[in-house]
J.: 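Sharing a structure below in structure tokens format, with a few things to ask.
To find a chain, count down the sequence lines: A is the first, B the second, and so on, and within it residues start at 1.
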Amino acid sequence: MLLFDDYWKKIIESIQTAYPEVTEGDIALDRSGHCDLTFRAFQVMKKRGLSSEAVYSKVTEILGASDFIEKIESVGGYVNFTLMPSKLMEAIWKEMEGTNQYPDTFQDPERVSVEHTSTNPTGPIHIGRIRNSIIGDSLARLLARYGYRVTTQYFINDSGRQVASLYAGYRKFVKSDNPSAYDLLEGYKQATVELEAGTELNGEVDQVIRDYEKGDPETIEGIRKVCSIILDSINASLFNLGIKIDDYTWESDLIRTGDIGRIMEDLEEDLLEEAGAKYIMSNGRKMFLTRKDGTSLYFSRDIAYHLYKFQNFDWLIDVLGENHKEHASHIEYVTKTLLNQEHRLDFVFYSYVSLETGKMSTRKGQIITLDELYERAIEESLKVVKSKRPELPEESLKEIAMNVAVSAIRFHILKLNSNKPMVFKWSEALNLEGDSAPFVMYSYARASSIMRKLEGQNQAVGKNYNKEEGALIRQMYLYPYVLTESLRGLKPENVANYLLELTRKFNDFYSNCPVINALQEEKERRVLIINSYRTIIRDAANIVGLKILEEM
RNA sequence: GGGCCCGUGGCCUAGUCUGGAUAAGGCACCGUCCUUCUAAGUCGGUGAUCGUGGGUCCGAAUCCCACCGGGCCCGCCA
């Protein structure tokens, strides 16, 4: 929960005392430059047969004396409110003085699980999967900022056909006791070729699955070994992006602890059978839980996983590729309707990332790995920072380049609306100008540079703000609304877009409002503005995983 | 064939849920500004039938219907 002086809400509630039929949506942020908030009175005028003057005078009667409103105007069917920048500034400062953050957070006791990444451990993580990780990690950070107790979760699929194929490929083609993730990927690719050709390897894969579920020690040891090698590589890659997952659940553990068996018992009434394979009907479809040889399928394992999570959390959020939409709706049906789970369950879907040459495939080796993107991003930012700041020591240059690279990658992938398909282009991913992470970071560094030169400077709310100051303050004031909207829609990309918006406003301020050489009163209020801006940037940047630097 | 998602200047996007005032940015291109605080920046310019056609409405990028184009799903795969 967020705490701050909510003037928007005050206006809505005041207008509703006169016109109860007015909805929150009727009082909106103005995007046309006329004012701050606008009341669209068209419906009220029509329904009540009132003139715009009548509505205007009623609104003025209720709100005209409010200390936070600078002016109220009537234009056509709009009633326009311009707020007092000084009151907005004060509202921000009040929060920051107490808690060093705006808005203040009220700790919510709810426990939330955010499952993300959960990619099959069959090869290094690529830039398509990373969309899942970046969305999930940012969402977890957003929830944490909001005050929830968040745990991120990774469901390791070690029991399916793909990992069994990986293991079979390893045994047959990789002659190393100490293979790397890339060695294993090679074996997997070769195995895929054979499996598609229909060789006896298919039978071996079936046997691996049976042995694994039965608990054959040698198979367990072997599969866990190859999966762990790949997981370590995935985690190392994710770590470079500042992503750490709290909990890992192995699918096979759910089988061996008997969770799957218990689910089959709980679902007994709904269970149907076809040639020994068990299934249930969900939304008119046969959803198979087990194969005819009794081994489990992804669907039943995922149900077990969700039940496990329901036991430990008040709210489950899964970040899934759009191809899981159907699967998700069946999971929801089984857990909520058939198994009566009451806690909240939400899914966040994202569209796939493809290359200009077509779709990515780990099996076919048509991927750009995160490691490759990361290295090239560092290379690119190092080149830029070297030319911009040749006087800095090598160590600092490297440090800056790494932070820019992580931020640029995360920002580039996150800022796009998650249900839009994304075609990855190097030129766009490595662009460090315009609507990018360095654009935000650079502005922040300039703000910090000013502050370094004004160490110990007094700050004050002040008055007589000019246009750029007012616009920046207004944008800062809106931050809590952005967080709320972002959380409501489970859309962390809103925060990324807000960062761009806020940065543009700051840049306007920066190029029009001198600080160091300003008169005392101007200087004091501008110092407060810059400090507030820096606090909000750090806060929002942390949510989307941008690494803010004091100097770059 | 059925279902879900996407379509906004040459290219990439914001805005769509909750309809509202000249459709907001970036890339590329042309021009401007480093003797005011970091030029990864600023300012100006060129460039948009908001996929198409209907409908609802005082008002549609936004809602409804149809169609077109792209993605995804419709496995005893995951």
J.: Looking at A/S436 and B/A40, is any side-chain donor or acceptor paired with a base atom of the opposite kind under 3.5 Å?
T.: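 A donor-acceptor contact between them is absent.
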J.: I'd like to know if the side chain of A/E115 pairs up with that of A/S118 as donor and acceptor (distance under 3.5 Å, no hydrogens or angles considered).
T.: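 Short answer, yes.
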J.: Enumerate the protein-to-nucleotides 42-44 of chain B contacts in which both atoms are nitrogen or oxygen and the separation is below 3.5 Å.
T.:
unit_1, atom_1, unit_2, atom_2, d
B/U42, OP1, A/N507, ND2, 3.4
B/C43, OP1, A/D508, OD1, 3.2

J.: For A/E322, answer base if it contacts any base atom (sugar-phosphate contacts may also be present), sugar-phosphate if it contacts only those atoms, and nothing otherwise; contact means non-hydrogen atoms under 4.0 Å.
T.: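 Base contact.
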J.: Side-chain N or O of A/K420 versus OP1/OP2 of B/C5: is the shortest distance under 4.0 Å?
T.: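 Negative; the distance criterion is not met.
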J.: What nitrogen or oxygen pairs link the protein and nucleotides 10-12 of chain B at under 3.5 Å?
T.:
unit_1, atom_1, unit_2, atom_2, d
B/C12, O4', A/E428, OE2, 3.4

J.: Is the terminal nitrogen or CZ of A/K325 (NZ for Lys, CZ for Arg) located under 6.0 angstrom from the six-membered ring centre of A/F349 and within 45° of that ring's axis?
T.: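 Yes, A/K325 and A/F349 form such a contact.
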J.: Between the base of B/A21 and the side chain of A/N80, is there any donor-acceptor pair under 3.5 Å?
T.: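 Side chain to base: pair found, below 3.5 Å.
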J.: Return the CG to NZ distance between A/L355 and A/K425, rounded to the nearest 0.5 Å.
T.: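 Reported to 0.5 Å precision, the distance equals 11.5 Å.
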J.: With rounding to whole Å, what would you report as the distance between B/A61 and B/U52 at their P atoms?
T.: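 My reading of the P atoms in B/A61 and B/U52 gives 11 Å.
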J.: Quick one: is A/K359 getting a side-chain N or O under 4.0 Å of the B/C72 phosphate, OP1 or OP2?
T.: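 Answer yes for this pair, as a side-chain N or O of A/K359 is under 4.0 Å from OP1 or OP2.
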J.: Could you work out the separation of B/U35 and B/G20 based on their P atoms and round it to a whole Å?
T.: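 Taking atom P in both B/U35 and B/G20, they lie 46 Å apart.
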J.: Under 4.0 Å between a side-chain N/O of A/K453 and OP1 or OP2 of B/U38, yes or no?
T.: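 Yes, within the criterion.
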J.: Sticking with atom P, work out how far B/G9 lies from B/G51, rounded to a whole angstrom.
T.: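 It works out to 8 Å between them.
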J.: Below 4.0 angstrom from OP1 or OP2 of B/C77, is there any side-chain N or O of A/R291?
T.: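 Answer is yes, contact under 4.0 Å.
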J.: Does B/G71 have OP1 or OP2 under 4.0 Å away from a side-chain N or O of A/S351?
T.: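 A/S351 to B/G71 OP1/OP2: no side-chain N or O under 4.0 Å.
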J.: Does A/N431 reach the main-chain N or O of A/S427 with its side chain, forming a donor-acceptor pair under 3.5 Å?
T.: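 No; zero donor-acceptor contacts below 3.5 Å.
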J.: Which residue pairs pass the salt bridge (charged side-chain N to carboxylate O under 4.0 Å, His left out) test with at least one member in residues 412-424 of chain A, sequence neighbours excluded?
T.: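 Output for this query is empty, none listed.
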J.: Once you apply the 3.5 Å cut-off to both distances, tell me the Watson-Crick or G-U wobble partner of B/G20, or none.
T.: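 The answer is B/C58, by the H-bond criterion.
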J.: Give A/Q43 one of three labels, base, sugar-phosphate or nothing, depending on what nucleic acid heavy atoms sit under 4.0 Å from its own.
T.: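 Counting heavy atoms under 4.0 Å across all strands, the contact made by A/Q43 includes a base.
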